[in-house]
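What follows is a short report on a single structure.
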Number of protein chains: 2
Amino acid sequence: MPRIAKYDREKALEDAVRLFWERGYGGASMKQIEQALDMRPGSLYATFGNKDGLFREALAVYTGRMSNSMGRALEESPTIMEGIFTYLRSLTEQITAPDSPARACLVVKTLLEVTSDQPELRDLVNRRLREVEDYLAELFERAREQGELKPGVESRRLARLVQSQIMGLRSLAQRDIDTDSVKNLTEDIITALGAFTQHPTTH
Amino acid sequence: MPRIAKYDREKALEDAVRLFWERGYGGASMKQIEQALDMRPGSLYATFGNKDGLFREALAVYTGRMSNSMGRALEESPTIMEGIFTYLRSLTEQITAPDSPARACLVVKTLLEVTSDQPELRDLVNRRLREVEDYLAELFERAREQGELKPGVESRRLARLVQSQIMGLRSLAQRDIDTDSVKNLTEDIITALGAFTQHPTTH
DNA sequence: TCCGTTTTTGAATGATTGCTCAAATTCAAC
DNA sequence: GTTGAATTTGAGCAATCATTCAAAAACGGA
């Protein structure tokens, strides 16, 4: 067995996430990818197949990180709804960090970028977003059973509402706007979601 | 004075709005623009300068339409907050129409697409979004004075919240999702905003 | 040290990008 | 008709796009 792989696959994918997150799928050229990952075309194509393949793997890394972040917030919170609010605050800290490649979500950026002549990518991001919706719906169904939600609240509708809140928060945060305004917005979103929770939101 | 302009500028801009709205700025190639507007490169560049110039004019047409739509909703409503809710419902009807080029907002699509090496475009969309924020803030300041808002609600924060709601609504609607779910989401957003209004939301 | 396999390199591919401009066309004025 | 200015045309520009592949380099095993 000769020659060990010089380039760490994980390190390369981290760089890819950063570049795609900052510039989007179409906005990141292979030349820029070569620079960011410090790899030559031959190695890139041998390792990831093509630009699509690299993007898919980078997207998987990105969504995995986001899931972990939400999971951690839920673990350290006494109730599900408080876990959601804790996650929103944690997310706000993350995206307003000075070294964040972008504040908007990479999945949403791709959703808004991709057209009907890229059906594979389109289906991929739709699948990811549907998975998040399903996960949230399960969470809120448990929250409902535990009396955390007002009577009559549908868990799946609340799931889509919360997903739209995250999309809106992160898209607005992509504006040229100061960090305090983003944090205020997060608190206002939590307040607004209080219309669906049994007990008034704490903050 | 010879030769009258064959191509109707307004008609061309309408086609440009449709194409850019569907495919985004970078996703619409000049070849596709030539087809959609039925114009040859020479006419295009003579009329609009370059791709940037065409996009700027198309964006102005788009934002003008959106402003009109909100203005109409506010006119036909007895209070400001009801006008906002009427607008949200009207917007939902518009974007779920089968011939809509996209459900997501063209300005937000551009905001998430544009990078730091396109500072003019970046500034342009930020300016437009700031204008909407300012307009909403004035509206909500009036609403506050007329007792439509709960005590302590800041008009500018509410303006950014509502803008983020619209961004979230339209971004989620861009998912492969049925019309009824979008309409339900709109109602849930209105319910959520009820946390800031003096009288409970009607629907 | 040499071998054999794998990885890396980077020049080159054809297609597409936004854009230019000389030539052809069109129409009002006469 | 003829003229003359404005508009339209479309071939063609250099640059960039994603991608390929033969050659060079790198390294474990002998």
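Throughout, protein chains are lettered first and strands after them, A, B, ... in sequence-line order, and every chain is numbered starting at 1. All values below were derived from every heavy atom in this structure, side-chain atoms included, with hydrogens, water molecules and symmetry-related copies excluded.
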Whichever of Ala46(B) and Asn50(A) has the more 5' nearest nucleotide on DNA chain D, that residue is Ala46(B)

Result for 5'-nearest mapping on DNA chain D, choosing between Gly42(A) and Gly42(B), is Gly42(B)

Let me know the distance between [atom1] of [X] and [atom2] of [N], rounded to the nearest Å.
{"X": "Phe48(B)", "N": "dG18(C)", "atom1": "CZ", "atom2": "P", "answer": "16 Å"}
{"X": "Asp38(B)", "N": "dT7(D)", "atom1": "CG", "atom2": "C1'", "answer": "15 Å"}
{"X": "Leu44(B)", "N": "dC19(C)", "atom1": "CG", "atom2": "C1'", "answer": "11 Å"}
{"X": "Ile33(A)", "N": "dC17(D)", "atom1": "CD1", "atom2": "C1'", "answer": "11 Å"}
{"X": "Met39(A)", "N": "dA18(D)", "atom1": "CE", "atom2": "C1'", "answer": "16 Å"}
{"X": "Leu37(B)", "N": "dT9(D)", "atom1": "CG", "atom2": "C1'", "answer": "16 Å"}
{"X": "Lys31(A)", "N": "dA11(C)", "atom1": "NZ", "atom2": "C1'", "answer": "11 Å"}
{"X": "Glu34(B)", "N": "dT16(C)", "atom1": "CD", "atom2": "C1'", "answer": "12 Å"}

- prompt: Can you check whether Tyr45(A) has a side-chain N or O nearer than 4.0 Å to OP1 or OP2 of dT20(D)?
  reply: no

With the side chain defined as heavy atoms from C-beta on, Arg40(A) is closest, among dT20(C), dG18(C), dT9(C), to dT9(C)

Does a side-chain N-to-carboxylate-O contact under 4.0 Å join [X] and [Y]?
{"X": "Lys183(B)", "Y": "Glu93(B)", "value": "yes"}
{"X": "Glu131(B)", "Y": "Arg128(B)", "value": "yes"}
{"X": "Arg156(B)", "Y": "Glu133(B)", "value": "yes"}

The complete set of ring-ring contact (aromatic ring centres under 6.0 Å, His included) pairs with one or both residues in residues 153-185 of chain A, sequence neighbours excluded, reads none

Would the number of heavy atoms belonging to other residues, nucleotides or ligands and lying under 6.0 Å from NZ of Lys31(A) be above 12? no

Main-chain N/O of Tyr45(A) paired to Lys51(A) side chain as donor or acceptor, under 3.5 Å: no

Check residues 104-113 of chain B and write down every donor-acceptor pair under 3.5 Å in which the side-chain atom is one partner and the other belongs to a residue at least two apart or another chain.
{"unit_1": "Lys109(B)", "atom_1": "NZ", "unit_2": "Leu112(A)", "atom_2": "O", "d": "3.4"}
{"unit_1": "Lys109(B)", "atom_1": "NZ", "unit_2": "Trp21(B)", "atom_2": "O", "d": "2.9"}
{"unit_1": "Lys109(B)", "atom_1": "NZ", "unit_2": "Glu22(B)", "atom_2": "O", "d": "3.2"}
{"unit_1": "Thr110(B)", "atom_1": "OG1", "unit_2": "Leu106(B)", "atom_2": "O", "d": "2.7"}
{"unit_1": "Glu113(B)", "atom_1": "OE1", "unit_2": "Tyr25(B)", "atom_2": "N", "d": "3.2"}
{"unit_1": "Glu113(B)", "atom_1": "OE2", "unit_2": "Gly26(B)", "atom_2": "N", "d": "2.6"}

Under a 4.0 Å heavy-atom cutoff, the residues of residues 22-30 of chain A touching DNA chain D are Ala28(A), Ser29(A), Met30(A)

